[in-house]
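Values reported hereafter were calculated over all heavy atoms of this structure, with side chains retained and with hydrogens, waters and symmetry mates removed. Because the structure is a prediction, the values reported are computed rather than measured.
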2 protein chains.
Amino acid sequence: MLKTERSSGERSALRSPRAATVYRALLDAILDHRLAPGTRLPEDEIGAVYGASRTLVRSALEALSHEGVVHIEPNRGAMVAHPTVHEARSVFEARQLIEPRVAAAAAGRAGEKDIATLAASVEAEHAALHAGEHRRAIVLSGTFHIAIADIAGQPVYAGFVRELVARSSLIISLYWRRREATCGSPAHGTLIAALATQDGPRAAAVMEEHIADLVGGLDLVEREARPASLADLLVG
Amino acid sequence: MLKTERSSGERSALRSPRAATVYRALLDAILDHRLAPGTRLPEDEIGAVYGASRTLVRSALEALSHEGVVHIEPNRGAMVAHPTVHEARSVFEARQLIEPRVAAAAAGRAGEKDIATLAASVEAEHAALHAGEHRRAIVLSGTFHIAIADIAGQPVYAGFVRELVARSSLIISLYWRRREATCGSPAHGTLIAALATQDGPRAAAVMEEHIADLVGGLDLVEREARPASLADLLVG
DNA sequence: TATGCGCAGATCGTATACGATCCCGTTCTT
DNA sequence: AAGAACGGGATCGTATACGATCTGCGCATA
């Protein structure tokens with residue numbers, strides 16, 4: 001992977017490379033939908049899997065919780081986050097505001113090499129789709145959005161987009177409605193075209209529509225899913 | 001169905017209340033400009049000051065680093081973040097995009113009680129200003145922005161605004177140019193008026209101008225850091 | 001049979017110990 | 001005298017130990 005500049009969105013690099021490994025492994029597993037929302041994440045168990053001590057695992061879990069993909073309850077432990085409908089709406093509302101702006105900024109800065117990288121990413125995404133590797137395609141689709149944010153050269157946006165994409169992955173796994181070849185939309189390709197021609201406004205428009213389309217694929221209605229604690233119901 | 005959901009912006013509450021105490025104390029000290037950007041934050045020393053073990057201090061520092069107000073370098077330790085000019089621009093770019101939208105959303109939801117709370121906050125801010133307590137006024141100004149984001153009821157935005165406001169505080173301490181009664185602008189009052197009349201577009205416009213005004217007060221040219229002795233600042 | 005108590009087992013919270021790394025002042029070499 | 005090698009002190013990185021808390025299950029009891 002080419003790093004154009006210091007990977008701008010890279011949130012707080014975990015101080016230790018070993019903790020970072022656990023962090024990435026868990027994040028990948030979550031983005032991949034190998035770990036479903038609500039899955040418990042006991043420190044010991046994770047440590048055993050990755051050969052790390054609880055100290056490192058804990059550090060990784062805390063980092064993930066800061067990004068909203070893991071939920072930690074005191075004295076109860078960590079679990080894969082389980083976004084509510086309200087949170088889901090909030091995430092996509094933010095994406096709809098931020099990402100078009102990011103796309104416009106990226107259009108003004110994308111070099112040939114950037115475009116090539118993006119194209120390769122889309123290529124990989126399509127390949128994964130045709131191979132039936134849906135989960136992998138979703139992950140790649142996410143990295144595409146992150147790559148654009150990195151190109152935009154705005155570290156704050158890059159961090160936000162990273163977080164939003166990760167949370168979106170959880171939301172999709174909970175609330176996605178269309179089962180068929182969902183992400184088959186040509187939006188990413190269209191986006192690259194706009195970026196390649198430095199057409200900021202068009203890039204923004206395409207991005208906006210693309211995300212609106214994503215939202216359209218969601219079924220944002222609360223499922224029973226979680227055993228909404230009795231207390232909540234009684235007090236509410 | 002407006003259930004008093006947990007303060008929406010409250011990022012991952014640190015699991016332990018004791019770590020949270022350290023976290024808040026440090027954050028307050030930073031927002032207050034008692035700890036200047038670049039100040040080193042050795043785990044032992046902080047632990048001694050607050051009577052906490054390194055474990056807890058470390059947890060607090062990591063949380064702060066996730067919010068971008070503390071910078072951690074592997075094997076080197078933590079220091080108060082020292083935003084570059086580029087980062088500073090990026091932070092305010094994001095604020096300029098996000099906060100008007102947040103203000104508009106808040107306008108649609110602000111109840112009487114919310115307005116009263118905001119008014120009290122502005123009151124306190126002015127009081128602090130007149131009492132010459134500039135630092136306190138800046139902090140209150142920040143909480144005002146955060147309060148609006150909480151009213152908007154969008155948890156994602158609330159978290160972002162929290163982070164942006166905190167980072168802005170650092171930026172201001174590094175790059176603020178006008179020395180005189182800076183925040184004396186009536187913007188906050190005007191904003192409340194717009195919110196009280198549910199005038200979303202106007203709230204957005206006021207907010208946008210307000211932040212543009214803030215940016216205008218910045219002198220975004222690189223300077224260099226200054227060190228300080230720690231224990232004194234923390235106790236003060 | 002239904003209810004409540006109490007005891008494991010699992011898991012987390014926290015402190016602390018020990019080794020690793022880095023910084024910086026000192027000394028040795030040329 | 002300038003530069004390199006070296007060592008001491010400070011600080012961090014990591015593992016682990018021990019106590020606290022929670023959960024679930026079995027048993028006593030009505």
Under 4.0 Å between a side-chain N/O of B:Arg18 and OP1 or OP2 of C:dG13, yes or no?
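Answer no for this pair, as no side-chain N or O of B:Arg18 is under 4.0 Å from OP1 or OP2.
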Looking at B:Arg58, I'd like to know whether one of its side-chain N or O atoms comes within less than 4.0 Å of OP1 or OP2 on C:dT14.
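Indeed not, no polar side-chain atom of B:Arg58 lies that close.
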Kindly indicate, with the supporting measurements, whether the criterion salt bridge (Lys or Arg N to Asp or Glu O under 4.0 Å) is fulfilled by A:Arg109 and A:Asp150.
CA-CA 10 Å; A:Arg109 294 175 39 108; A:Asp150 280 339; over 6 Å; no
Can you check whether B:Leu140's main-chain N or O pairs, donor with acceptor, with B:Thr143's side chain at less than 3.5 Å?
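Judged by distance alone, yes, a pair lies under 3.5 Å.
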From [atom1] of [X] over to [atom2] of [N], roughly how many Å is that when rounded to an integer?
X	N	atom1	atom2	result
B:Leu61	D:dC12	CG	C1'	12 Å
A:Ile72	C:dC12	CD1	P	10 Å
B:Met79	D:dT11	CE	P	13 Å
A:Glu45	C:dA10	CD	P	12 Å
A:Glu73	C:dT11	CD	P	16 Å
A:Glu62	C:dC12	CD	P	12 Å

Between B:Ala52 and A:Asp44, the residue closer to the 5' end of DNA chain C by nearest nucleotide is A:Asp44
Please tell me which of the listed nucleotides, D:dG13, D:dC12, D:dT14, lies nearest to the side chain of B:Pro42?
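Looking only at heavy atoms from C-beta outward on B:Pro42, the closest nucleotide is D:dC12.
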Side chain of B:Ser16, heavy atoms from C-beta onward: which of C:dT11, C:dT14, D:dG13 has the nearest atom to it?
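For the B:Ser16 side chain, the nearest candidate turns out to be C:dT14.
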Would you sketch DNA chain D in dot-bracket for me? Only Watson-Crick or G-U wobble pairs with both distances under 3.5 Å count, crossing pairs as [ ], other-strand pairs as |, the rest as dots.
||||||||||||||||||||||||||||||
Taken in chain and number order and not counting sequence neighbours, the residues that satisfy side-chain hydrogen bond (donor to acceptor under 3.5 Å, both in side chains) with B:Asp44 are none
List the residues meeting side-chain hydrogen bond (donor to acceptor under 3.5 Å, both in side chains) with A:His188, not counting sequence neighbours, and say none if there are none.
A:Glu125, A:His145, A:His210
I'd like to check the side-chain contact (heavy atoms from CB on, under 4.5 Å) partners of [X]; sequence neighbours left out, ordered by chain and number.
X	value
A:Ala152	A:Val102, A:Ala105, A:Ala106
A:Ala88	A:Ile171, A:Tyr175, A:Leu220
A:Glu73	A:His71, A:Arg76
A:Arg135	A:Asp32, A:His33, A:Arg34

List, with names and distances, any nitrogen or oxygen atoms from the protein found under 3.5 Å away from nitrogen or oxygen atoms belonging to nucleotides 16-18 of chain C.
none

Partners of B:Arg89 by salt bridge (charged side-chain N to carboxylate O under 4.0 Å, His left out), sequence neighbours excluded?
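B:Arg89 satisfies salt bridge (charged side-chain N to carboxylate O under 4.0 Å, His left out) with no residue once adjacent residues are dropped.
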Salt bridge (charged side-chain N to carboxylate O under 4.0 Å, His left out) partners for B:Glu133, two or more places apart
B:Arg136
Check: protein-nucleotides 20-24 of chain C nitrogen or oxygen pairs below 3.5 Å:
residue	atom	partner	partner atom	Å
C:dC23	OP1	B:Arg76	NE	2.9
C:dC23	OP1	B:Arg76	NH1	3.2

When the side chains of residues 47-58 of chain A are checked against the rest of the protein, which donor-acceptor pairs come out under 3.5 Å, sequence neighbours left out?
residue	atom	partner	partner atom	Å
A:Ser53	OG	A:Thr55	N	3.2
A:Arg54	NE	A:Glu43	OE1	2.9
A:Arg54	NH2	A:Glu43	OE1	3.2
A:Arg58	NH2	A:Glu43	OE2	3.2

